[in-house]
Amino acid sequence: MTAQTVQEGEPVTVIGLEVHVQLETETKIFCGCSTAPTDEPNENVCPVCLGLPGALPVLNEAAVEAAVKIGKAIDADIPEETRFHRKNYYYPDLPKNFQITQYDEPICADGDLEISVEGERRTVTIERAHLEEDPGSLQHVGGGIDTADYTLVNYNRAGTPLMEIVTAPDFRSPAEVRAFLAELEEVLEYLGVFDAERDGSLRVDANLSIVPGEEVGDGGEIADDVLADANRTEVKNISSHKGAEKALAYEETRQKNAIQRGRAVEQETRHWDESRGITVSMRSKEAEKDYRYFEEADLPPLQVADWKEEIAIPELPSARRERFGEEYDLSEEAASKLTTTKQVADFYEDLASEFDPDLAATWVADELLGELNYRDMEITDVEDRLAEIERLVELVASEEITTKNARETVLRGMLDDGDDPDTVVEREDLGKTGADEVQQAVEAAIAENPDAVSDYEAGEDGAINFLVGQVMQKTGGSADPGDVNGLLREELES
Ligand code: ADP
Ligand code: ZN
Ligand code: MG
């Protein structure tokens, strides 16, 4: 990662991540079982994902395509040929007693991802990203992992395609990790290979060590052998950005305290207990040799050389953010809001091609996303109503209704009652009052309020506000207050 300034002599926090992301495919990675979420335990299973004797894996093409897309997005090397391996260990959620994964020939190597932390751009190296199958899931009943009365096993998840993304130890704070995870999720969603809303779709193992200040160079650089020798803990069971930041902040403090008291930091695996907000020791850290990796003989080597050229990826969020800034002259904040998901960005570009890009930005970034957020909704929840929202913006752009009514009555009515904009406008009689009617109201307000008029004429400018209020009342709030103000002044000065 690009070097950053650190306080000389101070110990430095070093973090590296292993992120497991669930790839959005219809079926599992080595069998035809559905990956659709279900509440029925052990519903989506077959001899392959249950590890029954004699069952053979068949690789899912869609999982490979997703992996190649990720590789392209992080600018990784994708080798001509890649292989699968068996990682051997026993755990009740792993019916074969080995996990099919990739060992020394991963599908993606040496990529990177740019993040922005407190306005500063940094590049995080991604050492590798490989395909593997997810184990099943365990449900601890009557307590946590170490206190439960008993545990239920569910193999619905077993065989779900995962991409394990391993970063270099490039992070220097929990906040950087959070920024990275947010950017990574955005990219994955743009690629259409990931659903952040799906339960457990992102799981993070986070490695953290504290490197003594004297081992850190002036520019913040740390030698590879120092990094390799630093005692680190691996925190498992992190399933959100916020969780990652909290777990790592806890772990950072715990290790610093141990060092301060002259105790060594144990090299171990720890479990993040979300509800208690602490990490607890699980076991001493396993070494690679413990897994007895060997080649998966039931799957031939995978050739992706020619195929990968045909797999295209869309413009990514960072590029799109930058382009929005230039092409539509948007602030960084607006461009950033409008590119958080591909759906939002696509919708914005639709509107910006028809209406004023500034007006479109306000309506998507502020009004629409604001109202959706307030209702705990996403753009995907109104996917089939984008034409209606477009019509609403058209009503505003053509000044058929006021901005205030559009926001407070029409958009809210659309979201809360499911009505289309024209229905709400008609029902609430929001059509802007015609010019004649406004003019009549202006004249009437002047005739009916001689005191305010003489105050105005005596130089008391504030009296105009009273008259504006009178006109607004007469027109039922459907006139534009700025226009009314102008009309009144014209009338009074003539
Ligand atoms: P292992 O062989 O223990 O799995 P790896 O070299 O494969 O170690 O790295 C696993 C993860 O540990 C990577 O995400 C890497 O960035 C991280 N890591 C390596 N060294 C350190 C360190 N000194 N502090 C924190 N994380 C580290
Ligand atoms: Zn199956
Ligand atoms: Mg490793």
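Order of listing sets the numbers, starting from 1, for every ligand and every atom in it. These values consider heavy atoms only, across backbone and side chains, with no hydrogens, waters or symmetry-generated copies.
- With a 4.0 Å heavy-atom cut-off, ligand 1 is reached by no atom of V211.
- When heavy-atom distances to ligand 1 are checked against a 4.0 Å cut-off, V14 comes that close through both its backbone and its side chain.
- For D381, the side-chain contact (heavy atoms from CB on, under 4.5 Å) partners two or more places apart in sequence, or in a different chain, are M377, E378.
- The neighbour count for D376 CG, taken as heavy atoms of other residues, nucleotides or ligands under 6.0 Å away, does not exceed 12.
- In terms of N/O distances under 3.5 Å, ligand 1 is approached by P169.
- Of the candidates R232, E164, R128, E234, it is R232 that places a heavy atom closest to atom 1 (P) of ligand 1.
- When the heavy atoms of A230, A168, S209 are ranked by distance to atom 22 (C) of ligand 1, first place goes to S209.
- Atom CG of D195 and atom CD of E24 lie 5.0 Å apart (nearest 0.5 Å).
- Atom-to-atom distance recorded for Y190:OH and T340:OG1 is 7.0 Å, nearest 0.5 angstrom.
- Of the polar atoms of L17, at least one N or O is found under 3.5 Å from an N or O of ligand 1, judged by distance alone.
- By the 3.5 Å distance cut-off applied to N or O atoms, I15 is not counted among the residues near ligand 1.
- Taking distance alone, with nitrogen or oxygen atoms compared against 3.5 Å, T167 approaches ligand 1 more closely than that limit.
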